[in-house]
Amino acid sequence: MRNGDSGIREAPGLAGAPAAPAGLRIACILGGQAETDCGPPAVAHWFDELAGERGDIALRVLDLADYDLPVRYPEHPTAQMSSFTAELAWAEGFVVVTPECNRSFPAQLKHAIDMGYDEWHAKPVGFVSYGFGCDGVRAVEHLRSVFTELHTVTVRDSVGIDLRFTDEKFPAGGSLYSDGLVRAAGALLDQLTWWGLALREARAARPYVA
């Protein structure tokens with residue numbers, strides 16, 4: 001973990017305020033690192049700000065660059081593993097922000113996903129993907145297969161961003177991505193919230209059987 005950062009950031013508009021009782025707890029997982037991914041981290045911050053404008057979710061950002069996860073699964077979980085999986089357990093739904101690299105998603109993202117198992121069960125997952133000359137759809141399709149194995153529900157709509165057609169000055173210039181991308185993000189969050197609340201009620205009514 002870098003500079004003592006907990007790896008958790010509250011979405012704008014939610015910091016310091018308790019989530020509403022009905023608010024859905026969402027973990028936004030950043031699957032790329034600035035040193036190795038195919039695009040800038042501004043994509044994640046853009047989505048974070050959009051999510052923060054809503055009043056029906058409580059969002060935490062988990063940046064994988066802030067976690068020192070072991071290369072091999074140890075006999076006993078490390079403190080970093082326990083911290084990460086505790087956040088997965090806290091969440092009632094997930095948004096994975098990923099670049100497309102070599103027609104798939106980054107290795108560090110797969111490694112982090114594999115740190116959990118029960119923590120993923122019977123929860124919804126949405127995707128925001130990006131790349132240069134592509135919108136990351138191939139990364140998302142591969143991730144859908146991975147998350148099916150973990151007993152999640154992946155929502156239909158996703159957000160795909162071709163970085164060639166975005167404002168390179170974002171977010172410092174204060175510009176936004178296209179209205180179409182904003183609408184796509186809204187649809188993703190609407191579906192994620194619907195499934196998240198439905199599955200919350202289902203888990204409360206009866207334990208999920210994997």
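On a predicted model such as this, the values are computed, not experimentally measured, just so you know.
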Under 6.0 Å between ring centres: does that hold for His151 and Phe147?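 Judged by ring-centre distance (under 6.0 Å), His151 and Phe147 do not meet the cut-off.
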What about Trp90 and Leu64, same hydrophobic cluster or not, with Ile/Leu/Val/Met/Phe/Trp/Tyr joined at side-chain heavy-atom distances under 4.5 Å?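 Different clusters: Trp90 never reaches Leu64 through Ile, Leu, Val, Met, Phe, Trp or Tyr contacts under 4.5 Å.
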Can you find a pair of side-chain heavy atoms, one from [X] and one from [Y], that are under 4.5 Å apart?
X	Y	answer
Met81	Leu69	yes
Leu188	Phe47	yes
Thr98	Tyr130	no
Pro124	Leu199	yes
Pro99	Pro106	yes

Please name all residues satisfying salt bridge (Lys or Arg N to Asp or Glu O under 4.0 Å) with Arg144, sequence neighbours left out, ordered by chain then number.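 Partners of Arg144 under the salt bridge (Lys or Arg N to Asp or Glu O under 4.0 Å) test: Glu141.
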Nearest non-hydrogen partners of Leu181 and Gly160, listed with the distance: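 Looking at all heavy atoms of both residues, the closest pair is CD2-O, 3.4 Å.
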Minimum heavy-atom distance between Ala27 and Leu62, given as atom pair plus value: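 Looking at all heavy atoms of both residues, the shortest contact is CB-CD1, 4.0 Å.
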Does a donor on one side chain and an acceptor on the other come within less than 3.5 Å for Gln80 and Asp68?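 On atom types as modelled, these side chains do not qualify, holding no pair under 3.5 Å.
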Trp195, CH2 atom: more than 12 neighbouring heavy atoms under 6.0 Å: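 For Trp195, atom CH2 is not crowded (no more than 12 foreign heavy atoms under 6.0 Å).
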Please check if the side chain of Asn102 supplies one atom and the backbone of Ser104 the other of a donor-acceptor pair under 3.5 Å.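 No, Asn102 side chain to Ser104 backbone: no donor-acceptor pair under 3.5 Å.
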Rounded to the nearest 0.5 Å, how far does NZ of Lys123 lie from OG1 of Thr154?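 Taking OG1 in Thr154 and NZ in Lys123, the distance rounds to 16.0 Å.
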To the nearest 0.5 Å, what is the distance between CH2 (Trp194) and CG (Leu24)?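 CG of Leu24 is found 12.5 Å from CH2 of Trp194.
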Which of parallel (below 30°), tilted (30 to 60°) and perpendicular (above 60°) describes Phe94 and Trp120?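 Tilted: the ring planes of Phe94 and Trp120 meet at 30° to 60°.
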